[in-house]
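What you are looking at is a predicted structure, and each value in this text was computed from that prediction instead of being measured.
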Amino acid sequence: MLEWLAALCFVILVVVLLIWPGSKYFTTESQRDALLHGLGISQHKSGRRRTWVSERERSDGARLTACAGELVKARQVALVCKPSALANYLLKHCRTFSNYSPCVGWTWRASAFLQSVYEACWPYDSPVQFVRDNLQLSDEGLVALDWAVPSYQKRRRTSSHSTSPILLIIPNSFGKITRNVLKLCDTALSHGYLPAVFSRRSHNGTPLTTLKLQQFGDPADLREAVRYIRYRQPAGRLYAVSESTGSGLLLSYLGECGSSSYVTAAVCLSPVFRCQSWFESGLCWPLQWPLVLYQKICLSRYKTVLGETIQTDTLFSSCSLRGLEESLFCQTGLAGSAPPPAAVTTTGTSGVSSSGNNASGAWDAYWERNEPLRDVDEVAIPVLSVCARDDPVRGDTQSTVPLELFETNPHFFLLLTERGGHCGFSTQAEGGSGAGGALGGAVSSAPLPSHGLGSRGTGWSHKALLEFFRATTDFFAAEERTKQLAARRRGLGGGAGGRAFRHRSVSTCKRVPACSHNIHAIYNWQRSYTR
């Protein structure tokens, strides 16, 4: 009898948590209207334009929206950014931006919740394997770079003279290598990239050799990993992609390093921008409970050594993500430098803090050092964020997405879709043909032999980010050619400057640098794409 009662409660719980909230994604708009009309409920809709037209407005806070050819597609995705030369180039050459057809109707892929869980937890039979490089940092800590290589490749390591572009992938802050990350490695390999997954201290099997865990937005470890990549592959361009909460680390790195980041362009997939508010508001328990449990399982292997610096009883009794973060970083100096004065604790009976004000002050001080957008004005490369309005992890768009940042900063671009969930973005044509032709050639090198790579199709978000990388690279190359041609004309033409070079050989003019990724020359603040 008790078994049947438990089964009945479980069924009711599934109906309440999944089916009822997901009904607005499972059904089309016309079906919902008919259902409401049949129940005698009227629904008032505000007048909204059915087509989006790309135009350049005069105010600095204007939005550029992608122009779609069909009515339904035009309602699904918008490009939000400040008008600039690069924005116009992206609108013209990135067709994937407006070519998004999300799943609708009675299918589980139409549910934001279900497709988010699927991409995060469902196993993926990846045709790639990983070769790990353990990097010893300056404080003797260890992080790892997992280089994705095809399973059929006999030579596991790439030559340092390779000119193939490198794709640095930063997974979520919990260290979980999701299905989405594996698919991205598969797709990147099929288009000539060298994918490398960055694993933080104690994440993804990386040994914890020091009593130090990486804070949420501390880019010190990532900075040393990028230096190693530049040393190992000096001839290839470096691109970066982050997933979910891992975007906090990428944005922190780009903000602190500015034009010295050595990254050509970056993409954030379903990022969490206002992280302090995200931790404080909390997720619904069906999403938060598995994340808390997963993080506790990863930390349990270091329970004895962590007990030397923190109170593990408080850590493993926490029931929220905020409780875990506070236990790890706001009680002691475990995460790196010495704690701020507000974070000093006492060894009283509570074991947390001498007062609630001290605990609150330590929490606020922690996010002053780790908020991803703290140095956002220093970012000097193009950054694309791909977000969905129905993201069940990030929350409401108006309160969690800083739209004003994309409307005023020329380096930030936002692809905002109506549907897609969290790192999901399932499409009606997903699972069809291979990933080859839609991108128009992401890099100059020829695609690798298939052998399963990219044979199961490429997700829309992965197509969009590879097309974004290709378009920004082509734009900068065209800008460099234009700049060099103008310099030669000024040197060899008429006028006072031209007379000095009139009797000199053409070979005395400044040649194109041998290094094709001169970051400081490319990302000059006076470049035209910031106009």
In Å, rounded to the nearest 0.5 Å, how long is the span from [atom1] of [X] to [atom2] of [Y]?
| X | Y | atom1 | atom2 | result |
| --- | --- | --- | --- | --- |
| C94 | K463 | SG | NZ | 14.0 Å |
| D146 | Q129 | CG | CD | 12.0 Å |
| S259 | I381 | OG | CD1 | 10.5 Å |
| F174 | L291 | CZ | CG | 4.5 Å |
| L194 | W147 | CG | CH2 | 6.5 Å |
| E243 | C423 | CD | SG | 4.5 Å |

Check for a donor-acceptor pair, side chain of [X] on one end and backbone N or O of [Y] on the other, with a separation under 3.5 Å.
| X | Y | result |
| --- | --- | --- |
| Y262 | V226 | no |
| T472 | F469 | yes |
| Q288 | G282 | no |
| R394 | V272 | no |
| S270 | H422 | no |
| D375 | E378 | no |
| T417 | G420 | no |
| S317 | D313 | yes |
| T312 | L315 | no |
| S244 | G246 | no |

Can you label the angle between the [X] ring and the [Y] ring as parallel, tilted or perpendicular, going by 30° and 60°?
| X | Y | result |
| --- | --- | --- |
| W367 | F279 | tilted |
| Y231 | Y228 | tilted |
| F425 | W460 | tilted |
| Y366 | F329 | parallel |

Heavy atoms only: give me the nearest [X]-[Y] pair and the separation to one decimal.
| X | Y | value |
| --- | --- | --- |
| R132 | N134 | CD-OD1, 3.4 Å |
| V181 | P171 | CG2-CB, 4.4 Å |
| L142 | T206 | O-CG2, 3.5 Å |
| S327 | I310 | O-CG2, 4.0 Å |
| V292 | S320 | CG2-C, 3.7 Å |
| P165 | G192 | CD-O, 3.7 Å |

Are [X] and [Y] ion-paired here, with the side-chain N under 4.0 Å from a carboxylate O?
| X | Y | result |
| --- | --- | --- |
| D396 | R389 | no |
| E256 | R223 | yes |
| R227 | E224 | no |
| R419 | D390 | no |
| D218 | R369 | no |

Counting only heavy atoms not in E404, do more than 12 fall under 6.0 Å of its CD?
->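 Yes, because the 6.0 Å sphere around CD of E404 holds more than 12 heavy atoms from other groups.
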Side-chain heavy atoms of [X] within contact of [Y], under 4.5 Å:
| X | Y | answer |
| --- | --- | --- |
| L90 | E467 | no |
| P382 | F476 | yes |
| L324 | K296 | yes |
| H462 | K183 | yes |
| V149 | L189 | no |
| Q276 | D364 | yes |
| F412 | C81 | no |
| L184 | I169 | yes |

Taking the six-membered ring where the residue is Trp, are the ring centres of W278 and F273 under 6.0 Å apart?
->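 No - the distance between ring centres of W278 and F273 does not fall below the 6.0 Å cut-off.
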Using only heavy-atom distances, determine whether the side chains of [X] and [Y] contain a donor-acceptor pair under 3.5 Å.
| X | Y | value |
| --- | --- | --- |
| N180 | Y124 | no |
| Y239 | T473 | yes |
| T427 | R109 | no |

Identify the residue among P372, P271, C275, S173 that makes a side-chain contact (heavy atoms from CB on, under 4.5 Å) with T245.
->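 Going through P372, P271, C275, S173 one by one, the side-chain contact (heavy atoms from CB on, under 4.5 Å) with T245 is satisfied by S173 alone.
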Take V241 and I170 through the side-chain contact (heavy atoms from CB on, under 4.5 Å) test and state the conclusion after the steps.
-> CA-CA 6 Å; V241 177; I170 302 176; over 6 Å; no
How far apart are the C-alpha atoms of C185 and F130, what are their side-chain angles, what is the distance that settles it, and do they pass the side-chain contact (heavy atoms from CB on, under 4.5 Å) test?
-> CA-CA 10 Å; C185 293; F130 292 95; 4.0 Å; yes
Quick one: do T187 and Y193 satisfy side-chain contact (heavy atoms from CB on, under 4.5 Å)? Show the steps, please.
-> CA-CA 9 Å; T187 303; Y193 289 84; over 6 Å; no
Report yes or no: is the cationic atom of K82 (NZ for Lys, CZ for Arg) closer than 6.0 Å to the six-membered ring centre of F406, at no more than 45° off its axis?
->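 No cation-pi geometry.
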Within 45° of the axis and under 6.0 Å from the centre of the six-membered ring of W363, does NZ or CZ of R322 qualify?
->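 So R322 does make the cation-pi contact.
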S385 and F413: CA distance, side-chain angles, deciding distance, side-chain contact (heavy atoms from CB on, under 4.5 Å) verdict = CA-CA 6 Å; S385 298; F413 305 85; over 6 Å; no
Should D139 and K212 be marked as a salt bridge (Lys or Arg N to Asp or Glu O under 4.0 Å) after you check the CA-CA gap, both sets of side-chain angles, and the distance that decides it?
-> CA-CA 9 Å; D139 64 347; K212 177 180 179 181; 3.4 Å; yes
